[in-house]
Amino acid sequence: MVARMQLNHRMRLPEAKKYVADKLKVSTVDLSDSTVMRNLREELDIGCVEAIPGLAKGLAAKARIADLLDIKIACVEKLKDKMP
Amino acid sequence: MSKIRTRMGDGSVVEVTPDELRNELVTGSEDAADKGQVPALDENEVDKLVEIFSAPWRIVGVEPGHEVPLTKDETACTLISSQLSSGAHLPISREAAIEVFERVFAFDTMELGWIDYSFKPAKPMVSLDQVSIERLLATTVFPVLYGAMPNMGLYYTPDGPFTNPADLLPLMKMDEAREAEMNAAELCREDMVYMCQRFDEIGADGIDFDTTASAGDADFWATLKTVEELKKTTDLGIEVGMSGEFILGMHGEVEYDGQRLAGLFPHQQLKLVEKAGADIFGPVCNTKTNKTTPWNVARAATFVKEVTKTATIPIHVNVGMGVGGVPMFETPPIDALTRASVAMVEVAKVDGL
């Protein structure tokens with residue numbers, strides 16, 4: 001998520017971390033805490049490293065990330081264009 | 001007196017005393033300061049590097065909270081290619097390899113690229129790469145980029161249509177050589193714009209231009225013009241990764257926005273990359289194999305610190321085989337690699353690797 005804010009919104013690292021941390025309602029230090037983030041990602045259903053049945057994966061996870069971070073993700077927009 | 005175990009730029013082990021270590025760091029930084037006309041590292045920064053290199057552990061890391069994201073070049077060749085890309089040649093698809101990078105190696109982004117990782121040979125296969133990226137965009141969560149090298153040299157004979165300047169220059173055919181370079185640059189630009197727009201069509205998150213300026217100043221010009229065009233016509237995030245710390249003046253008179261490109265160092269390259277509209281800049285500092293890793297890392301950190309000081313876009317320094325202070329060896333030793341990485345984060349203040 002921090003990398004997305006850098007790549008698609010040109011944010012330097014402190015700004016990118018703060019943006020994501022604020023949206024996730026955690027501290028910037030928590031962003032790199034694997035224990036915090038593993039639980040949070042499952043709770044927010046935005047994609048986990050392990051394959052857990054029923055949890056959002058791939059495009060579904062990215063759609064939820066786009067909504068959470070209030071950004072557009074190109075492939076999610078392409079999917080919306082394809083929806084009947 | 002206890003010795004500190006470190007490496008040479010070729011990867012071989014060497015031991016230095018604490019005084020020798022500090023001297024290596026200072027002289028490495030002074031070399032960069034002299035070449036690039038940038039400030040050398042101050043005493044606190046040298047102390048930090050002494051701390052990093054004196055640590056007795058094989059692997060070192062950043063302080064908690066200082067972690068940075070990663071972008072990567074050369075796609076998943078580490079897994080699927082052969083020695084020509086320092087690869088393990090695992091019999092898995094490119095798509096599976098990229099998913100391994102996300103789920104097993106915990107990378108923050110990845111790029112897909114053609115196995116012959118330059119724009120010119122990849123162009124005929126663009127529709128195959130498009131569907132590969134589409135498949136990855138559906139199955140992964142992290143940003144997926146398309147990566148390739150401008151590699152403008154492929155547009156010269158025998159691989160391309162324009163007479164190789166290396167054949168013209170010894171004949172003192174300077175004008176013909178420059179014309180060939182600019183013709184190659186224009187065709188390279190056209191191909192890169194064409195390909196990148198195909199990836200925008202299918203929703204790729206971005207493009208990584210790898211080893212930009214490998215064929216010199218005209219190669220850099222072609223990439224800057226491509227970035228400029230893509231930022232006007234697509235939604236792609238764009239990363240420009242360089243090939244060397246110094247733009248070779250193969251042409252000598254190419255300019256971008258009134259600035260001559262030959263001879264530019266990383267902090268000067270940055271300004272043009274920003275002007276073209278890129279989103280991430282990846283500076284390169286080349287490792288000298290006959291110098292120690294501390295010398296090389298201090299030198300690289302000095303160049304990169306000047307980049308991060310004035311950057312308005314994220315800086316993802318190249319830290320890998322032969323760049324960023326890391327030894328020039330196809331399996332870079334992890335003690336040197338982690339120390340170079342930590343130095344870039346803690347001293348050069350980069351936004352990513």
Side-chain angles (χ1 to χ4, degrees), chain A residues 1-21 26-38 41 44-52 55-66 68-69 71-82, chain B residues 61-72 99 102-110 133-145 199-208 231 234-239 274 277-281 308 311-316 345 349-352:
Chain A
M1 287 180 278
V2 172
R4 269 194 200 283
M5 302 318 294
Q6 293 188 328
L7 178 66
N8 296 115
H9 299 271
R10 295 179 131 209
M11 289 185 185
R12 300 284 313 263
L13 185 64
E15 184 189 0
K17 281 188 174 182
K18 184 174 187 314
Y19 184 93
V20 174
V26 296
S27 70
T28 55
V29 176
D30 284 339
L31 290 179
S32 310
D33 186 321
S34 56
T35 305
V36 168
M37 290 308 295
R38 167 64 184 84
R41 292 190 79 107
L44 295 175
D45 201 12
I46 54 173
C48 292
V49 168
E50 302 105 315
I52 301 171
L55 288 192
K57 298 172 184 65
L59 269 170
K62 281 187 280 200
R64 297 180 66 77
I65 287 170
L68 186 66
L69 297 184
I71 60 174
K72 285 193 187 322
I73 296 178
C75 58
V76 173
E77 297 302 305
K78 297 283 178 200
L79 174 65
K80 289 179 186 172
D81 291 343
K82 294 278 187 189
Chain B
V62 298
E63 297 178 31
H66 292 192
E67 296 86 350
V68 302
L70 303 177
T71 46
K72 191 187 179 304
E99 292 197 22
E102 180 183 52
R103 298 189 163 269
V104 178
F105 300 154
F107 266 63
D108 301 293
T109 69
M110 260 304 275
I133 291 223
E134 282 180 309
R135 183 181 291 274
L136 284 165
L137 290 171
T139 60
T140 60
V141 181
F142 64 1
V144 174
L145 293 78
F199 296 114
D200 178 60
E201 281 170 6
I202 51 88
D205 292 294
I207 300 290
D208 174 34
K231 290 314 280 186
T234 74
D235 294 322
L236 293 163
I238 295 180
E239 178 167 12
E274 286 177 337
D279 301 283
I280 296 178
F281 177 54
T308 61
T312 59
I313 60 176
I315 303 303
H316 281 212
V345 174
K349 308 293 184 195
V350 298
D351 302 282

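To find a chain, count down the sequence lines: A is the first, B the second, and so on, and within it residues start at 1.
- The contact between B:I202 and chain A is made entirely by backbone atoms, counting heavy-atom distances below 4.5 Å.
- Contact of B:E63 with chain A is not made at all, since no heavy-atom distance falls under 4.5 Å.
- In summary, of the residues considered (A:T28, A:V2, A:I71), a side chain to side chain contact (heavy atoms under 4.5 Å, CB included) with A:Y19 occurs for A:I71 alone.
- With a threshold of 4.5 angstrom between heavy atoms, A:M11 approaches chain B through N, CA, C or O but not through any side-chain atom.
- For the atom pair CG of B:D108 and NE2 of B:H316, the computed distance is 8.5 Å after rounding to the nearest 0.5 Å.
- Ranked by non-hydrogen atom pairs under 4.5 Å with chain B, the options A:V29, A:I73, A:L7 are led by A:L7.
- For chain A, the nearby parts of B:A311 are the backbone and the side chain; heavy atoms of each come within less than 4.5 Å.
- Only the backbone of B:E201 comes within contact range of chain A, with heavy atoms under 4.5 Å apart.
- Note: A:S32 leads A:S32, A:G47, A:A60 in heavy-atom pairs under 4.5 Å with chain B.
- A:I46 touches chain B through its backbone: at least one of N, CA, C or O sits under 4.5 Å from a heavy atom, while the side chain does not.
- The environment of CZ in B:R103 is crowded: more than 12 heavy-atom neighbours from other residues, nucleotides or ligands sit within 6.0 Å.
- Heavy-atom distances place no part of A:L31 under 4.5 Å from chain B, backbone and side chain included.
- Residues forming a ring-ring contact (aromatic ring centres under 6.0 Å, His included) with B:F281 (at least two apart in sequence, or on another chain): none.
- With values rounded to the nearest 0.5 angstrom, B:F142 atom CZ is found 7.5 Å from B:L136 atom CG.
- Heavy atoms of B:T308 lying under 4.5 Å from chain A belong to its backbone as well as its side chain.
- Heavy-atom pairs under 4.5 Å with chain B were tallied for A:E15, A:M1, A:E77, A:K78; the largest tally goes to A:K78.
- Heavy atoms of A:R41 lying under 4.5 Å from chain B belong exclusively to its side chain.
- A:K18 pairs by the salt bridge (Lys or Arg N to Asp or Glu O under 4.0 Å) definition with A:D22, not counting sequence neighbours.
- Your options are B:L137, B:V68, B:V104, and the one with the most heavy-atom pairs under 4.5 Å with chain A is B:L137.
- The shortest distance between side-chain heavy atoms of A:L13 and B:P69 falls below 4.5 Å.
- Contacts of B:I238 with chain A are made by backbone atoms alone, with heavy-atom separations under 4.5 Å and no side-chain atom involved.
- For the atom pair CD1 (B:I313) and CZ (A:R10), the distance works out to 5.5 Å, reported to the nearest 0.5 Å.
- Using a 4.0 Å cut-off between a side-chain N of Lys or Arg and a carboxylate O of Asp or Glu, B:D279 and B:K231 qualify as a salt bridge.
- In terms of heavy-atom pairs under 4.5 Å with chain B, the best-connected choice from A:H9, A:K72, A:K17 is A:K17.
- Heavy atoms closer than 4.5 Å to chain A are found in the backbone of B:H66, but not in its side chain.
- Of the two parts of B:T140, the backbone and the side chain both hold a non-hydrogen atom closer than 4.5 Å to a non-hydrogen atom of chain A.
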